[in-house]
2 protein chains.
Amino acid sequence: MALNEDLQLQALRLLQADPARSQRDLAKALGISVGRTNYCLRALLDRGWIKIQNFRNSRNKRAYLYLLTPQGIDAKARIAARFLQRKEAEYAALQAEIARLRAEVKADAET
Amino acid sequence: MALNEDLQLQALRLLQADPARSQRDLAKALGISVGRTNYCLRALLDRGWIKIQNFRNSRNKRAYLYLLTPQGIDAKARIAARFLQRKEAEYAALQAEIARLRAEVKADAET
DNA sequence: CTGTGTGCGTTCACTGTGTGAACGTAGGGT
DNA sequence: ACCCTACGTTCACACAGTGAACGCACACAG
């Protein structure tokens, strides 16, 4: 994950889709370690973007829910929009780079 | 620089364009520290992709040239081609991601 | 009512990577 | 003879990320 913000966005996405994920699950889905996942969740909590709720799951076992707060939903939308913008810029840049690369590869081949 | 290989490609590019660059210059152009640049150049040297040559520059001052060897030129072409392939894949992926993001941002806005 | 197993969040010693200030060297300028 | 500058090189340090280990809570079996 390039930026920390990207990581948080992914986390918010995953939690919005399924708040009952365990940190280990989340870690696997995010492609990072449990330690970092825990750290990331704590950051989301500190910002008030998620709240942690105990509940009993289907088998009456204690479990956690990581629920997005209204602020979390807002933040997610805001970050996603900025993320999109950045990706669009990357897209344009990549297009240019590919053109340049094609020329370079062609030039290399001709030598 | 994502992969180490990317860094080496950029270095080869810059050196091919101007073999008389100093390591500090190179570091700045690559966006990394002098230490890492030195390490990177050593790696290129070990692989036989560049050779280091002393010479006197215009003001009769001792200076270094980092010249691509024939193997270096080959390697650069090979890496560039692979790099292009990867970028094309990224381009396609990015396109898909942007579509998904647009939908997500739209959905967020409607809530 | 006790183990025992399982899955949870949490911690932290460790690792690996990158940094850039500091160093030795060599030449130019005064 | 002396500084000054620019070079490549080094290495103590910082920092982020890892994942094995831990304590805890609960379900379940004996």
Side-chain angles (χ1 to χ4, degrees), chain A residues 1-69 72, chain B residues 1-69 72:
Chain A
M1 212 63 57
L3 278 62
N4 212 42
E5 197 184 70
D6 294 6
L7 182 60
Q8 298 192 349
L9 175 59
Q10 299 301 336
L12 287 174
R13 256 207 270 264
L14 291 167
L15 292 180
Q16 196 173 41
D18 177 11
R21 270 178 188 278
S22 74
Q23 293 191 9
R24 278 161 227 273
D25 243 40
L26 213 49
K28 198 166 292 185
L30 291 169
I32 59 173
S33 67
V34 277
R36 197 179 173 201
T37 302
N38 184 270
Y39 183 80
C40 176
L41 284 178
R42 193 164 296 271
L44 293 178
L45 192 63
D46 286 351
R47 285 167 188 244
W49 290 355
I50 61 170
K51 61 184 170 194
I52 301 184
Q53 202 174 84
N54 276 320
F55 79 113
R56 306 271 155 176
N57 71 8
S58 55
R59 299 202 316 291
N60 197 30
K61 184 153 184 191
R62 185 147 128 326
Y64 293 87
L65 280 188
Y66 301 97
L67 294 164
L68 270 64
T69 61
Chain B
M1 211 64 57
L3 276 63
N4 211 43
E5 198 183 69
D6 293 6
L7 182 61
Q8 298 193 348
L9 175 59
Q10 298 303 335
L12 287 174
R13 257 207 269 263
L14 291 168
L15 293 179
Q16 196 173 41
D18 176 11
R21 270 176 188 278
S22 75
Q23 293 191 11
R24 277 162 227 273
D25 243 41
L26 213 49
K28 198 167 293 183
L30 292 168
I32 59 172
S33 67
V34 278
R36 198 179 172 199
T37 302
N38 184 270
Y39 182 81
C40 176
L41 284 178
R42 195 165 294 273
L44 294 178
L45 192 63
D46 286 352
R47 286 168 188 244
W49 291 355
I50 60 170
K51 61 185 169 191
I52 301 184
Q53 202 175 83
N54 276 320
F55 80 114
R56 304 274 155 175
N57 71 6
S58 55
R59 300 202 316 291
N60 198 31
K61 184 152 182 189
R62 183 145 129 325
Y64 293 86
L65 281 187
Y66 301 98
L67 294 163
L68 270 65
T69 61

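Sequence lines set the chain letters: A, B, ... in the order given, protein chains first and strands last, and positions in each chain run from 1.
- Of the candidate nucleotides C/dT10, D/dT18, C/dG9, D/dT18 has the atom nearest to the side chain of A/S33.
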task = Determine, stepwise, if the pair A/Y66 / A/Q23 fulfils side-chain hydrogen bond (donor to acceptor under 3.5 Å, both in side chains).
result = CA-CA 10 Å; A/Y66 301 97; A/Q23 293 191 9; 3.1 Å; yes

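- Base pairing of D/dT5 is made with C/dA26, judged by Watson-Crick or G-U wobble geometry with both donor-acceptor distances under 3.5 Å.
- Summarising the geometry, the separation between CD1 on B/I52 and C1' on D/dT9 is reported as 11 Å, rounded to the nearest angstrom.
- Side-chain nitrogen and oxygen atoms of A/N38 include none within less than 4.0 Å of the OP1 or OP2 phosphate oxygen of C/dG9.
- Atom CD1 of A/I32 is separated from atom CG of A/N38 by 10.0 Å, given to the nearest 0.5 angstrom.
- B/D6 contributes atom CG, which lies 11.5 Å from atom CG of B/L30 (distance to the nearest 0.5 angstrom).
- If you take CG of A/L65 and P of C/dG9, they are 11 Å apart, rounded to a whole angstrom.
- Here A/R36 does not reach the OP1 or OP2 of D/dG19: none of its side-chain N or O atoms lies under 4.0 Å away.
- If you measure from atom CG of A/L26 to atom P of C/dT10, you get 12 Å, rounded to the nearest angstrom.
- Atom-to-atom, CG of B/D25 to C1' of D/dC7 comes out at 11 Å; the value is rounded to the nearest Å.
- For C/dG9, the base has a donor-acceptor partner in the side chain of A/R24 [N/O atoms by modelled type, under 3.5 angstrom].
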